[in-house]
A.B. asks: 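Sharing a structure below in structure tokens format, with a few things to ask.
A note on names: the letters A, B, ... follow the listed sequences, proteins ahead of strands, and every chain is numbered from 1.
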Amino acid sequence: MSIPQLLPTFKLPVQLGNLTTPWNCRLRELSKQRQYPQALTLYIHMLRSSFSPNTFTFPFLLKSCAHLFLPFTGSQLHAHVIRTGTQPDPYIRTSLVSMYSKFSLLNNARKVFDEFPYWQNITICYNAMISGYTFNSKVREGFVLFHRMREEGVEVNSVTMLGLVSGCTVPEDLTIGVCLHGFGVKFGFYGDLSVVNSLLTMYVKCGEVELARKLFDGMGERDLITWNAMISGYAQNGHARQVLELYREMKLAKMRPDPVTLLGVVSSCANLGAQSIGREVERQIHCCGFSSNTFLTNALINMYARCGNLVRAHAIFDCMAEKNVISWTAIIGGYGIHGHAEIAVGLFDEMVESGIRPDKTVFVTVLSACSHAGLTDKGLEYFDAMEVKYGLKPGPEHYSCLVDLLGRAGRLKEAMDLIKSMKVKPDGAVWGALLSACKIHKNVELAELAFEHVIKLEPTNIGYYVLLSNIYSDAENLEGVLKVRVMMRERKLRKDPGCSYVEYKGKVHLFYCGDRSHLQTEEIYRMLDKLESLVKEIHAPAEKYQGRSEGVLNTGVHSEKLAIAFGLLNTTSGTEITVMKNLRICGDCHLFIKLVSKIVNRQFVVRDATRFHHFRDGACSCKDYW
DNA sequence: ATAGGGTTAG
């Protein structure tokens with residue numbers, strides 16, 4: 001076949017696009033309106049009316065199969081294309097390549113792509129194949145094809161760029177991403193906002209928020225997507241403060257927020273424990289008419305739950321017309337965090353009854369709720385049900401919850417056996433959970449074993465060294481303590497001191513472990529002494545508590561205890577106290593806090609600030625945000 | 001053929 005012979009096929013769709021049969025016109029309409037099932041039904045009618053499909057028919061049908069994820073129908077259509085002897089023009093082939101890519105059948109896609117001599121592959125074919133690679137997270141292959149495309153002199157357009165850039169999603173892809181950035185600048189794609197936006201997103205996904213911000217600052221023109229990409233980029237990387245700052249700037253620039261924007265803002269409020277700002281944003285959500293957006297409502301439930309306002313969280317949850325697994329996860333997790341495992345478990349059952357299939361994430365939430373409240377057997381039950389009843393294979397994240405569950409209950413041997421029986425490779429968190437259980441139950445021997453494993457998997461995680469060191473010091477094993485210190489020094493690991501902070505009257509009050517530098521130190525320590533003795537009075541040992549072990553009371557002067565004592569001294573009843581804490585694994589004051597909460601009838605929220613950058617930025621206050 | 005989105009323990 002020579003080039004001249006093919007030329008008519010190339011031109012056909014453009015010239016005769018409007019002159020095709022009514023069938024094809026209707027098909028195009030349906031495809032435009034994304035009514036894919038209707039499009040396929042129409043095809044059946046077409047065949048029944050003995051209309052034979054032509055070049056214009058197939059792309060719409062293939063696209064419909066791709067969107068509906070119907071691999072079987074799709075390959076039947078492919079066979080049909082061959083059978084009808086339809087000239088497979090670039091448009092059909094592009095559709096085939098893109099459809100097979102959506103089904104992750106890259107070999108089939110590549111076969112269609114390779115079947116014809118290279119000069120038949122025009123830009124759209126390349127684009128489809130390149131996007132196919134990146135869609136299946138094979139950026140490298142996509143990049144190779146991009147090079148070939150250029151060598152063969154095929155025109156590169158914005159879609160080529162978008163396909164490639166959007167495939168760079170992990171730090172390892174950054175080299176390619178930067179290369180593409182350079183290419184874009186050199187060949188004039190910088191004027192195309194969609195390309196620059198995708199570059200911005202690429203930097204964000206690779207964790208390079210600063211580079212993303214640099215690009216953002218240098219942009220002459222910004223649209224809603226630009227702002228959203230930057231805002232959610234900050235939100236996903238834990239820079240909650242920058243999210244709020246940027247949101248304010250956005251409003252100053254007279255750019256109207258949409259649900260995606262507000263989503264980033266709400267989830268940042270959840271991570272900051274900033275309920276007052278969250279309330280403000282909720283009002284805006286109602287004003288803008290986004291109240292029925294499921295994404296946003298889920299984020300709001302999560303925000304209120306994390307800020308300790310379970311009443312509001314539950315009220316929003318109840319009002320939702322369509323609750324999905326994520327809505328349930330948010331509310332269950334909310335009760336779990338605050339130690340109400342019975343309610344959490346009850347909600348889980350209710351969810352199943354309402355016909356929603358639990359997923360892996362909701363099981364993580366339920367298991368951890370059980371573990372915090374000492375519902376050991378209930379947790380084990382759920383773990384079994386997960387695979388037997390719901391066919392979900394437990395991952396390392398579930399095993400770590402279960403090890404934590406057994407470990408807190410003092411069932412260390414069972415926890416160890418569980419790890420040995422795991423079908424998946426245990427990760428750092430699994431061994432880490434065992435290590436912290438050893439801390440609670442003072443088991444030095446097992447701790448050493450767990451430490452050996454955990455350190456191989458996460459050699460730079462400082463928390464585990466600290467944990468082992470504390471275990472040694474509890475056992476008065478000075479040699480052990482020194483050994484760990486030497487290891488830390490050799491590996492040049494410096495420990496950020498553990499600290500907690502409370503926001504009070506727009507100022508941040510920061511406490512270190514055993515800290516005596518606060519102005520109210522005397523009062524705080526008196527309060528803490530009182531709390532310690534009250535807690536000891538009501539703390540029931542395991543045997544008195546129907547076999548439920550609530551864990552061991554921690555007697556050290558931990559930073560979160562100081563923060564709580566400070567909060568109690570300075571705030572009135574009825575307000576909840578949010579304590580932010582920078583280290584996760586160190587002192588586990590969970591039980592202490594829970595009991596104090598019972599005694600004084602106050603809500604406490606201890607938020608993990610490890611992932612967030614307050615401490616690097618220097619502590620900041622709510623007033624700075626707004 | 002195509003840039004932005006909610007949940008999760010340790």
Side-chain angles (χ1 to χ4, degrees), chain A residues 59 63 66 90-91 94-95 97-98 101 123-132 134-135 157-166 192-202 204-205 223-233 235-236 258-264 266-267 270 293-303 305 324-334 336-337 359-369 371-372 395-405 407 427-437 454 458 461 463-464 467 584-585 588 608 610:
Chain A
K63 191 178 164 193
Y91 292 92
T94 304
S95 307
V97 167
S98 122
S101 308
T123 305
I124 53 167
C125 300
Y126 270 99
N127 286 353
M129 196 60 233
I130 288 176
S131 305
T134 52
F135 181 80
N157 64 15
S158 322
V159 181
T160 324
M161 292 293 289
L162 288 177
L164 277 167
V165 175
S166 65
D192 196 327
L193 205 51
S194 64
V195 174
V196 188
N197 283 342
S198 74
L199 284 167
L200 182 63
T201 312
M202 183 268 295
V204 162
K205 284 195 178 146
D223 64 0
L224 183 60
I225 294 190
T226 319
W227 284 95
N228 286 351
M230 197 64 236
I231 286 181
S232 44
Q236 282 155 24
D258 77 342
V260 181
T261 325
L262 295 171
L263 193 57
V266 175
S267 67
N293 182 304
T294 316
F295 280 69
L296 270 176
T297 341
N298 288 345
L300 278 174
I301 294 172
N302 183 42
M303 189 269 294
N324 59 20
V325 205
I326 296 180
S327 328
W328 286 94
T329 310
I331 193 77
I332 291 173
I337 293 173
D359 66 354
K360 288 188 167 196
T361 310
V362 78
F363 271 106
V364 173
T365 313
V366 170
L367 290 174
S368 90
S371 140
H372 284 302
E397 68 273 33
H398 301 104
Y399 281 102
S400 64
C401 286
L402 211 64
V403 169
D404 184 58
L405 183 90
D427 65 356
V430 174
W431 290 109
L434 186 67
L435 188 61
S436 29
V454 80
E458 288 180 38
N461 192 329
Y464 297 125
L467 202 47
R584 252 180 292 199
I585 310 173
D588 190 3
D608 168 19
T610 340

A.B. asks: Round to a whole Å and report the spacing from CG of Leu164(A) to P of dA1(B).
C.D. replies: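 Value for this atom pair: 16 Å.
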A.B. asks: Rounded to the Å, how far apart are Leu367(A) CG and dT7(B) C1'?
C.D. replies: 15 Å
A.B. asks: With no angle test and no hydrogens, is the base of dG4(B) tied to the side chain of Asn197(A) by a donor-acceptor pair under 3.5 Å?
C.D. replies: no
A.B. asks: Provide, to the nearest angstrom, the distance between the CE atom belonging to Met303(A) and the P atom belonging to dT8(B).
C.D. replies: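 Checked: the CE to P distance equals 14 Å.
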A.B. asks: Compute whether any side-chain donor of one residue and acceptor of the other, for Thr261(A) and Asp258(A), lie under 3.5 angstrom apart.
C.D. replies: yes
A.B. asks: For the pair made of CG in Asn293(A) and C1' in dG5(B), what is the distance, rounded to whole Å?
C.D. replies: 9 Å
A.B. asks: Has Asn302(A) got a side-chain N or O lying under 4.0 Å from the OP1 or OP2 atom of dT8(B)?
C.D. replies: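 Yes, Asn302(A) has a side-chain N/O under 4.0 Å of OP1/OP2 on dT8(B).
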A.B. asks: Looking at dG10(B), dA1(B), dG5(B), which one has an atom nearest to any side-chain atom of Ser98(A)?
C.D. replies: dA1(B)
A.B. asks: Roughly, in whole Å, what's the span from CG in Asn461(A) to P in dA9(B)?
C.D. replies: 16 Å
A.B. asks: Quick check for you: among dA3(B), dG4(B), dT2(B), whose closest atom lies nearest to any side-chain atom of Val159(A)?
C.D. replies: dT2(B)
A.B. asks: Considering every strand and a 4.0 Å limit on heavy-atom distances, what is the contact class for Ser368(A): base, sugar-phosphate, or nothing?
C.D. replies: sugar-phosphate
A.B. asks: How many whole angstroms separate atom CH2 of Trp328(A) from atom P of dG6(B)?
C.D. replies: 22 Å
A.B. asks: Can you see if the side chain of Gln236(A) gets near the phosphate of dG5(B) - specifically, an N or O under 4.0 Å from OP1 or OP2?
C.D. replies: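 For dG5(B), OP1/OP2 do have a side-chain N/O of Gln236(A) under 4.0 Å.
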A.B. asks: Which nucleotide, dG5(B), dT8(B), dA1(B), lies nearest any side-chain atom of Phe295(A)?
C.D. replies: dG5(B)
A.B. asks: Could you tell me whether the side chain of Asn157(A) and the main chain of Thr160(A) form a donor-acceptor pair under 3.5 Å?
C.D. replies: yes
A.B. asks: Does any N or O in the side chain of Ser166(A) come within less than 3.5 Å of the main-chain N or O of Gly163(A), such that one atom is a donor and the other an acceptor?
C.D. replies: yes
A.B. asks: Indicate, with a heavy-atom threshold strictly under 4.0 Å, whether Thr365(A) touches base, sugar-phosphate, or nothing.
C.D. replies: sugar-phosphate
A.B. asks: Output yes when at least one side-chain N/O atom of His372(A) is less than 4.0 Å from OP1 or OP2 of dT8(B), else no.
C.D. replies: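 Negative; the distance criterion is not met.
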A.B. asks: Taking the side chain of Thr294(A) as its heavy atoms from C-beta onward, which of dA3(B), dG5(B), dG6(B) lies nearest to it?
C.D. replies: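 Nearest to the side chain of Thr294(A) among the choices is dG6(B).
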A.B. asks: Could you give the CG-to-P distance, from Asn127(A) to dT2(B), as a whole number of Å?
C.D. replies: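 Going from CG in Asn127(A) over to P in dT2(B) covers 9 Å.
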A.B. asks: Quick check: closest heavy atoms across Leu405(A) and Leu367(A), and the distance to 0.1 Å?
C.D. replies: CD1-O, 4.0 Å
A.B. asks: Quick one: is dA3(B) close enough that its OP1 or OP2 comes under 4.0 Å of any side-chain N or O from Ser166(A)?
C.D. replies: yes
A.B. asks: Between Asn197(A) and Ser194(A), is the side chain to side chain donor-acceptor pair (under 3.5 Å) condition met? List the steps.
C.D. replies: CA-CA 5 Å; Asn197(A) 283 342; Ser194(A) 64; over 6 Å; no
A.B. asks: Could you tell me whether the side chain of Asn228(A) and the main chain of Ile231(A) form a donor-acceptor pair under 3.5 Å?
C.D. replies: no
A.B. asks: Has Lys205(A) got a side-chain N or O lying under 4.0 Å from the OP1 or OP2 atom of dG4(B)?
C.D. replies: yes
A.B. asks: Which of these nucleotides, dA9(B), dT2(B), dT7(B), is closest to any side-chain atom of Asp359(A)?
C.D. replies: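 Within the option list, the nearest is dT7(B).
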A.B. asks: Round to a whole Å and report the spacing from CG of Leu262(A) to P of dG4(B).
C.D. replies: 18 Å
A.B. asks: Out of dG5(B), dG6(B), dA9(B), which nucleotide sits closest to the side chain of Asn298(A)?
C.D. replies: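 It is dG6(B).
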A.B. asks: Using the side-chain heavy atoms of Ala433(A), tell me which of these nucleotides is nearest: dA1(B), dG10(B), dG4(B).
C.D. replies: dG10(B)
A.B. asks: dG4(B), dA1(B), dT7(B): which one has an atom nearest the side-chain heavy atoms of Ile326(A)?
C.D. replies: dT7(B)
A.B. asks: Look at the side chain of Asp427(A) and decide which nucleotide, out of dG10(B), dA3(B), dA9(B), has an atom nearest to it.
C.D. replies: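 Out of dG10(B), dA3(B), dA9(B), the nucleotide with an atom closest to Asp427(A)'s side chain is dG10(B).
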A.B. asks: Would you indicate which nucleotide in dG6(B), dT2(B), dT8(B) comes nearest to any side-chain atom of Ser131(A)?
C.D. replies: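 The listed nucleotide nearest to Ser131(A)'s side chain is dT2(B).
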